[in-house]
Structure formats: C-alpha cells, structure tokens
There are 2 protein chains.
Amino acid sequence: MLDACRPVRLTLSRIGDKWSVLIVMALCGGPRRFNELKRAIDGISQRMLTLTLRGMERDGLISRTVHPTTPPRVEYALTDLGRTLREPIEALGQWAVENESRIRAAQERFDAAG
Amino acid sequence: MLDACRPVRLTLSRIGDKWSVLIVMALCGGPRRFNELKRAIDGISQRMLTLTLRGMERDGLISRTVHPTTPPRVEYALTDLGRTLREPIEALGQWAVENESRIRAAQERFDAAG
DNA sequence: CTGGATCCGCAATGATACTG
DNA sequence: CAGTATCATTGCGGATCCAG
C-alpha cells in the first residue's frame with residue numbers, strides 16, 4: 001500500500017493543479033476547440049488554459065490536432081489514456097459528493113470550538 | 001457527471017496539496033505522534049506538518065488527542081471519514097502505477113518532437 | 001516534545017498587450 | 001481563432017527562533 005505513495009504523489013502533481021480536472025471533465029463529451037474550452041471552464045485565463053493543455057498533452061492525456069484553415073481551428077480531445085483517468089477522478093468526485101456535508105459540519109464544529 | 005466538478009475541485013484542494021496524501025498513508029497503520037509523522041514523512045518541515053494536520057483536523061479527516069503528560073504526547077489518527085478517503089486515493093494510486101510507463105513514454109515522445 | 005511566530009524565496013497564477 | 005510574451009501578484013513552503 002505504501003508502494004502507492006510515490007505514484008499517487010506523481011499523479012496528484014499532474015491532476016492536482018487548479019485546472020486539469022476541469023479540462024478532463026470538459027473533454028468528456030468529445031473534442032473541443034480552444035475557445036470552447038475557455039468558455040466552458042469559467043474563470044480560467046488564456047495563459048493557464050494553454051499551459052495546462054500543453055502539460056496534459058505532454059503527459060499523453062489529451063491530443064491536439066490543428067486544422068490548417070483560416071481562421072485556425074485547433075481541437076483538443078482525450079486520448080485513451082486520458083479517458084482511463086475519468087474512473088479514478090469520478091471515484092474521488094463520488095467521495096466528495098457523499099461526504100461534502102460531513103466535511104462542512106466538521107469545519108463548523110472546528111471553527112466554533114475556536 | 002459535471003455535477004462532480006465542484007466537489008472534485010474541493011476535494012483536490014484538500015488532498016491535492018503537497019503533504020495530505022502522505023499523512024493519510026502514514027496514519028493508515030494506526031495513530032502516530034507528531035514527531036513520528038515528521039520522521040515518517042521525509043522532507044516535511046515542522047511548519048507544514050502542523051499546518052496540514054490542522055487543516056485535515058478541521059475537515060474532520062483526522063483526530064488530535066493530547067495526553068497531558070510531560071513531555072506532552074499528541075497523537076493523530078484517521079477518523080472514520082478519513083479512512084473512507086483511502087479508497088479513492090488508492091484508486092488513483094492504482095491508476096498511477098498502471099500507467100506510469102505510458103506517461104513517461106508520452107513525455108519522451110513529446111520532448112523529442114520539440 | 002509539540003508546537004507558535006516570523007521572515008523570506010520561489011513557483012504558480014492572473015492580467016494585459018501583442019501576433020500570425 | 002489560437003496562441004506568445006511580459007509584468008504583477010499571490011500563496012505555498014522552507015528556515016529559523018522562541019515557548020509551554
């Protein structure tokens with residue numbers, strides 16, 4: 001079990017950032033263009049979208065295909081590897097949904113205790 | 001599925017930091033004292049251990065019990081809620097182990113392509 | 001032993017302007 | 001449209017000193 005320490009840390013350093021998971025979610029429905037992603041992911045800056053997409057492309061999680069038209073059309077999509085990430089991510093999401101209220105309750109108790 | 005966006009982000013902001021997962025791992029075997037944790041988790045500073053433990057205690061993931069002896073003895077342990085986190089974390093760990101080589105290969109391909 | 005308090009550096013993120 | 005480049009800002013994390 002402690003064998004999982006290092007890989008978990010590596011994975012978290014990949015998808016634990018502020019935007020990667022949201023990008024995975026946004027791409028679940030199929031390929032999306034750059035500005036489609038920008039609009040879909042509320043609050044992300046152009047810069048961070050570019051950087052995060054690059055990193056995920058480097059890790060083989062997403063693919064980037066350029067259609068040489070004018071104006072340029074660039075589509076991002078989950079790779080097979082990227083799609084497999086959905087499962088553990090959704091496990092985490094399910095945990096979060098199931099325990100959201102308990103966490104909030106714990107926080108309020110803690111804050112009240114001072 | 002997109003319902004999971006917000007909770008996943010919240011969860012990641014909790015356990016996506018540099019040390020939380022390692023603390024969960026370290027506490028899997030039972031309660032640990034402050035300095036036991038410090039020794040078990042290589043590279044963590046006193047400050048970050050304190051801060052991370054506080055945050056996790058606030059979220060109800062771990063408990064902190066003080067034995068009023070001299071010298072003081074403080075034990076940290078996973079709560080029931082904290083133990084349930086192990087499952088999705090291990091799912092992530094398993095994904096990481098299974099796909100580590102594919103990720104490295106993708107990175108090398110990407111870097112080679114320049 | 002178990003922290004709290006303080007200072008500091010660096011990396012991550014954001015805002016803005018510019019380009020093919 | 002899809003970026004790149006630059007600057008400003010913020011917060012995380014480390015180092016150090018101090019205390020019950």
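Letters A, B, ... are given to chains in the order of the sequence lines, protein chains preceding strands, and every chain is numbered from 1. Keep in mind it's a predicted model, so treat the numbers as computed, not measured.
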Item to complete: Determine, using the 4.5 Å side-chain heavy-atom cutoff (strictly less than), whether B:Leu53 and A:Phe110 are members of one ILVMFWY cluster.
Response: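 No, B:Leu53 does not connect to A:Phe110 through the hydrophobic network.
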
Discussion item. Using a 4.0 Å cut-off to any heavy atom of chain B, which nucleotides of DNA chain C are the first and last in contact, reading 5' to 3'?
Written reply: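 In short, chain B contacts DNA chain C from C:dC1 to C:dT6.
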
First locate atom [atom1] of [X], then atom [atom2] of [Y], and finally report the distance between them rounded to the nearest 0.5 Å.
X: A:Arg64; Y: A:Ile62; atom1: CZ; atom2: CD1; value: 9.5 Å
X: A:Ile15; Y: B:Leu12; atom1: CD1; atom2: CG; value: 6.0 Å
X: B:Leu78; Y: B:Met25; atom1: CG; atom2: CE; value: 11.0 Å
X: A:Asp17; Y: A:Ile23; atom1: CG; atom2: CD1; value: 7.5 Å

Discussion item. Is any side-chain heavy atom of B:Asp80 closer than 4.5 Å to one of B:Arg83?
Written reply: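 When only atoms from C-beta onward are counted, B:Asp80 and B:Arg83 do touch, with a gap below 4.5 Å.
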
Practice prompt. Check whether any side-chain heavy atom of A:Arg104 lies under 4.5 Å from a side-chain heavy atom of A:Glu100, and answer yes or no.
Written response: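 A side-chain contact exists here, since the closest heavy-atom pair is under 4.5 Å.
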
Worksheet item: Is A:Tyr76 near enough to D:dC1 that one of its side-chain N or O atoms lies under 4.0 angstrom from OP1 or OP2?
Response: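 For A:Tyr76, the contact criterion (side-chain N or O under 4.0 Å from OP1 or OP2 of D:dC1) is not met.
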
Worksheet entry | Check: B:Ser63 side chain, B:Thr79 main-chain N or O, donor-acceptor pair, under 3.5 Å |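 A pair under 3.5 Å: no.
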
Worksheet item: Would you say A:Ser20's side chain and A:Met56's backbone share a donor-acceptor pair under 3.5 angstrom?
Response: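 Pair absent, no side-chain N/O of A:Ser20 close to backbone of A:Met56.
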
Item to complete: Check the surroundings of atom CD in B:Glu87: do more than 12 heavy atoms from other residues, nucleotides or ligands lie under 6.0 Å from it?
Response: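 12 or below, so no.
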
Item to complete: State whether the number of non-hydrogen atoms from other residues, nucleotides or ligands found under 6.0 Å of B:Asp42 atom CG is greater than 12.
Response: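 Atom CG in B:Asp42 is not packed in, count stays at 12 or less.
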
Rounded distance (Å) that lies between atom [atom2] of [N] and atom [atom1] of [X]:
X: B:Ile15; N: D:dC12; atom1: CD1; atom2: P; result: 17 Å
X: A:Arg32; N: D:dC1; atom1: CZ; atom2: P; result: 16 Å
X: B:Trp19; N: D:dC12; atom1: CH2; atom2: C1'; result: 12 Å
X: B:Met48; N: D:dA15; atom1: CE; atom2: P; result: 12 Å
X: A:Glu57; N: D:dG3; atom1: CD; atom2: C1'; result: 13 Å
X: B:Leu51; N: D:dG14; atom1: CG; atom2: P; result: 10 Å

Discussion item. Classify A:Lys38 by what it touches in the nucleic acid, base, sugar-phosphate, or nothing, heavy-atom distance under 4.0 Å.
Written reply: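 Result for A:Lys38 = nothing.
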
Worksheet item: Which residue lies toward the 5' end of DNA chain C, B:Glu36 or A:Gly43, if each is placed at its nearest nucleotide?
Response: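 Between the two, 5'-proximity favours B:Glu36.
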
Item to complete: Just report the end-to-end axis angle for the helix from C:dC1-D:dG20 to C:dG20-D:dC1, five pairs per end, to 10 degrees.
Response: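 The angle, to the nearest 10 degrees, is 40°.
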
Item to complete: Sugar-phosphate means primed atoms, P, OP1 and OP2; the rest is base. With that split, encode nucleotides 4-11 of chain D 5' to 3' as B, S or - using protein heavy atoms under 4.0 Å.
Response: B-B-----

